[in-house]
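Taking it in order: structure first as structure tokens, then the write-up.
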Amino acid sequence: MPVILTSIFSAIIIFITVFSMIKVLHIAYKRKGILILKYRVLATSFIVVGISVASVLPIGYQRLFELIL
């Protein structure tokens with residue numbers, strides 16, 4: 001149970017961070033700070049990295065809790 005709760009709250013923090021970074025990229029694109037290609041590449045990479053980290057979290061937390069307890 002603690003692994004599930006810890007993973008859920010960590011995933012929420014990760015998704016909020018990814019959403020904020022995409023908002024920053026959108027502001028930079030609207031101000032002509034970055035090109036559309038760079039915007040798409042960075043937004044896609046943020047999403048992919050966020051999903052991959054959030055999917056690996058339960059495994060890492062399970063091993064951590066096994067070491068502690």
Side-chain angles (χ1 to χ4, degrees):
M1 185 69 172
V3 173
I4 295 170
L5 288 175
T6 309
S7 298
I8 289 172
F9 287 123
S10 296
I12 290 170
I13 292 170
I14 290 169
F15 289 133
I16 289 172
T17 304
V18 168
F19 180 73
S20 299
M21 292 302 295
I22 290 174
K23 281 176 61 175
V24 168
L25 286 175
H26 187 68
I27 291 170
Y29 171 69
K30 283 176 34 179
R31 292 186 180 180
K32 306 292 185 207
I34 59 173
L35 298 174
I36 187 69
L37 180 63
K38 191 171 187 178
Y39 172 77
R40 289 179 181 166
V41 168
L42 287 174
T44 305
S45 65
F46 288 153
I47 292 169
V48 168
V49 168
I51 290 173
S52 62
V53 168
S55 65
V56 173
L57 280 175
I59 298 167
Y61 282 134
Q62 181 67 36
R63 290 186 182 170
L64 181 68
F65 283 132
E66 285 175 0
L67 287 174
I68 292 173
L69 302 174

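What you see is a predicted model, and the numbers here were worked out from it, not measured in a lab.
The minimum heavy-atom distance linking Ala11 with Ala54 is given by the pair CB-CB, 4.2 Å. The two residues Ser10 and Tyr61 make their nearest non-hydrogen contact at OG-OH, 2.8 Å. Pairing each heavy atom of Tyr29 with each of Ile34, the nearest pair is CD1-O, 3.6 Å.
Annotation: side chain of Ile14 is in contact with side chain of Leu57 (closest heavy-atom distance under 4.5 Å). The shortest distance between side-chain heavy atoms of Met21 and Leu25 does not fall below 4.5 Å. Counting only heavy atoms from C-beta outward, the side chains of Ile51 and Phe15 approach each other to under 4.5 Å.
Within a 6.0 Å radius of CZ in Phe9, other residues, nucleotides and ligands contribute 12 heavy atoms or fewer. Within a 6.0 Å sphere centred on CZ of Phe46, other residues, nucleotides and ligands contribute more than 12 heavy atoms. The neighbour count for Ile4 CD1, taken as heavy atoms of other residues, nucleotides or ligands under 6.0 Å away, does not exceed 12.
Residues Ile13 and Ile8 do not share a hydrophobic cluster, defined by chaining ILVMFWY side chains whose heavy atoms lie under 4.5 Å apart.
Between the NZ atom of Lys30 and the OH atom of Tyr39 there is a distance of 10.0 Å, given to the nearest 0.5 Å. Taken from CZ in Arg63 to CD1 in Ile68, the straight-line distance is 14.5 Å, to the nearest 0.5 Å. With values rounded to the nearest 0.5 angstrom, Leu42 atom CG is found 11.0 Å from Ile47 atom CD1.
A donor-acceptor pair is defined here as one N or O able to donate and one able to accept, closer than 3.5 Å; such a pair exists between the side chain of Ser55 and the backbone of Ser52.
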